[in-house]
Amino acid sequence: MKPMRIKQVLAREAAGGDVMIQGWIRTKRDSKGFSFLEINDGSMMANIQVVADEKLANYASEIVPLTTGASVAIEGTLVDSPGKGQKYEIHAERIMVFGGADAASYPLQKKRHSFEFLRTIAHLRPRTNTFGAIARVRSGLSFAIHQFFRDRGFVYVHTPIITASDCEGAGEMFKVTTLDLANVPRTPNGAIDFEQDFFGKPANLTVSGQLEGEIFATALSNIYTFGPTFRAENSNTARHLAEFWMIEPEMAFCDLDGDMDLAEAFLQETIQYLFDHHMEDLEFFNQRIDTTVLETLHNIVDNPFERLSYTDAMAILVKHNDEFEYKVQWGSDIQTEHERHLSETVFKKPVIVTDYPKSIKAFYMKLNGDDRTVRAMDILAPRIGEIIGGSQREDDIATLERRMREFNLDPKDYWWYLDLRRYGSVPHSGFGLGFERMLLLVTGMTNIRDVIPFPRTPKNAEF
RNA sequence: UCCCCGAUAGCUCAAUCGGUAGAGCGAGCGGCUGUUAACCGCUAGGUUCAAGGUUCGAGUCCUUGUCGGGGAGCCA
């Protein structure tokens, strides 16, 4: 018999007929003369209940000793369940045991475990309800993102993970080398001789694909990247990872308004996809993880985001300075407590703050006519804080070179980036979105280490 | 990296002023039962994170370290 996924079995219109399923035992209850097995195969949140009668040939020898975590295949008849809690159940005619799971040592028992503990057994935590749901939603959201861009004619560009261009700017980078660290070659004056290294010069893991993204946007018009990104910052928070996945669209012939329109549609449509395809998992999160998740997500999908300038945001924040630990004035950075005040207290929905002072933003952002602010935008989500950061890019070569010097950057190091402005320069814009931050938003999970399969953080690269 | 808090049974936690290390869940055994976080009874289970110090005596106090949590910075 051909095995089916449990999701397909439970989606059947009516009981009746033979089925075969394969999966892992979540829990087992023994009755007089028969046992209830609950099987999960990861295709959906729900388990399927299997009734195993003592008349089965291997009942006493193999089925009674089964415990949580064991792997089995079940052949039997799908029948309406007389019990409460499930529509159908399988009356087993044959049960094959693939592998047992010693109950005395198997760490996942049928009880609640803390997320901290589950992080120490990352090889087994996908077998729990919560992490199974996260894995499905993560996969679904990833698909929705590709679909969103594809529907709009965006080209998916694979930007490099190793970069030797030494011009990515912000953020501590991981070094990539094949040099023998116990015996590093030196030049006559004592410096490390990178000419002997694999790339002949220092190389690092990427902190952003944006600059390379701009190359392809100024040829293919609309592109996006979606790949791993690395930051060697010693950040110990629930919102930072050393290895995370980032989505970075870049659009030619597009100003900041178009950039914001895309970002807003992006969040709304990809969340709508989850409503349409992953509602069972979202309801689980709403029930067990955070009872406000669905309300928050509907609020995002149903309402236009609030858009206001940095100057207007400051005018609001200054009035509440007595409530803040860090007082603000025009020119201050917007910190976590201020972000939350805007998105959670004032507007109660995502807020897009635009036109920041040039001194607190990157050199490549388009300078406004006032010479004080740049065409930057950050989207602040309730509970998450900054989820998207973007800008219109400076497309005037003279202004860009001047801005580089203001940041003590040598334009010569950016020769190819400047070439994009030298030849056929166009207004263009883009943004970066942290994939795991969006997963926090849609699942209600609070620690970013729990929405990526294998988190990499300072002092932790297990599994 | 900074501030605060924590680390005790497989897991989640308790242990009063420094004085014999406890519970629930889980596990093992037995019972009961179309059960579903099943239920009832019994049993086992400990280098109290590590190293050092104070003390007649340290889970408890002190120092250093490791790891974790909350907050901050950096950012996505």
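By convention in this document, chain letters (A, B, ...) are assigned in the order of the sequence lines, proteins followed by strands, and residues within each chain are numbered from 1.
Using atom C1' as the reference point in both B:G57 and B:A72, the two lie 42 Å apart (nearest Å).
Residue pairs that meet the ring-ring contact (aromatic ring centres under 6.0 Å, His included) test with at least one member in residues 439-463 of chain A, sequence neighbours left out, are A:H123-A:F463. Sorted by first and then second residue, the ring-ring contact (aromatic ring centres under 6.0 Å, His included) pairs with a member in residues 96-115 of chain A read A:H113-A:F117, A:F115-A:F131; sequence neighbours excluded.
Within residues 60-84 of chain A, the residues approaching RNA chain B are A:S81, A:P82, A:G83, A:K84, by heavy-atom distance under 4.0 Å. Taking a 4.0 Å limit (strictly below) on heavy-atom distances, residues 374-395 of chain A reaches RNA chain B at A:E386, A:I387, A:I388. Within residues 336-354 of chain A, the residues approached by RNA chain B to less than 4.0 Å at the level of any non-hydrogen atom are A:T336, in residue-number order. For the contact set between residues 235-250 of chain A and RNA chain B, defined by any heavy atom under 4.0 Å, the members are A:S235, A:N236, A:T237, A:R239, A:H240, A:L241, A:F244, A:M246. Near RNA chain B, meaning a heavy atom under 4.0 Å from it, residues 89-105 of chain A has A:E89, A:H91, A:A103, A:A104 in order of number.
The A:R119 side chain lies nearest to B:G68 when the options are B:C32, B:A72, B:G68. Comparing B:A76, B:U33, B:C11 against the side chain of A:F117 picks out B:C11 as the nearest. Candidate nucleotides B:U35, B:A76, B:C74 were compared by shortest atom distance to the side chain of A:R231, and B:A76 ranks first.
A:F36 comes within 4.0 angstrom of a nucleotide base, judged by non-hydrogen atoms across all strands. Contacts of A:Q49 with the nucleic acid, taken as non-hydrogen atoms under 4.0 Å apart, include base atoms. If you check every strand for non-hydrogen atoms under 4.0 Å, A:F435 touches nothing. Across all strands, A:R449 comes closer than 4.0 Å only to sugar-phosphate atoms, never to a base (heavy-atom distances).
Taking the side chain to side chain donor-acceptor pair (under 3.5 Å) definition, one finds that A:T237 meets it with A:H240, sequence neighbours left out. Annotation: salt bridge (Lys or Arg N to Asp or Glu O under 4.0 Å) contacts of A:K366 (sequence neighbours excluded): A:E394, A:D395. Residues meeting the ring pair (Phe, Tyr, Trp, His ring centres under 6.0 Å) test with A:F435, sequence neighbours left out: A:F226.
In summary, the side chains of A:N204 and A:T163 do not present any donor paired with an acceptor at a separation below 3.5 Å, with no hydrogens or angles considered. If you check the side chains of A:E214 and A:Q210, you find a donor sitting under 3.5 Å from an acceptor.
Aromatic ring centroids of A:F324 and A:H341 lie under 6.0 Å apart.
RNA chain B forms stems at B:1-7 with B:66-72, B:10-13 with B:22-25, B:27-31 with B:39-43, B:49-53 with B:61-65, each a run of 3 or more consecutive Watson-Crick or G-U wobble pairs whose two key distances fall under 3.5 Å.
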When you check every protein heavy atom under 4.0 Å of nucleotides 37-47 of chain B, what one-letter string (B, S, -) results, 5' to 3'? -S---------
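No option in A:R239, A:R456, A:R138 other than A:R138 meets the salt bridge (Lys or Arg N to Asp or Glu O under 4.0 Å) test with A:E436. Evaluated for a ring pair (Phe, Tyr, Trp, His ring centres under 6.0 Å) with A:F149, the options A:F143, A:F266, A:Y156 yield exactly one hit, A:F266.
For the pair A:Q210 CD and B:C75 C1', the computed distance is 14 Å after rounding to whole Å.
Contact annotation: A:N460 does not reach the phosphate of B:C67 (side-chain N/O to OP1 or OP2, under 4.0 Å). Between A:Q335 and B:G73, a side-chain N or O to OP1/OP2 separation shorter than 4.0 Å is present. Residue A:S114 places at least one side-chain N or O closer than 4.0 Å to OP1 or OP2 of B:U12.
In this structure, the separation between CZ on A:R29 and CZ on A:F34 is 11.0 Å, given to the nearest 0.5 Å.
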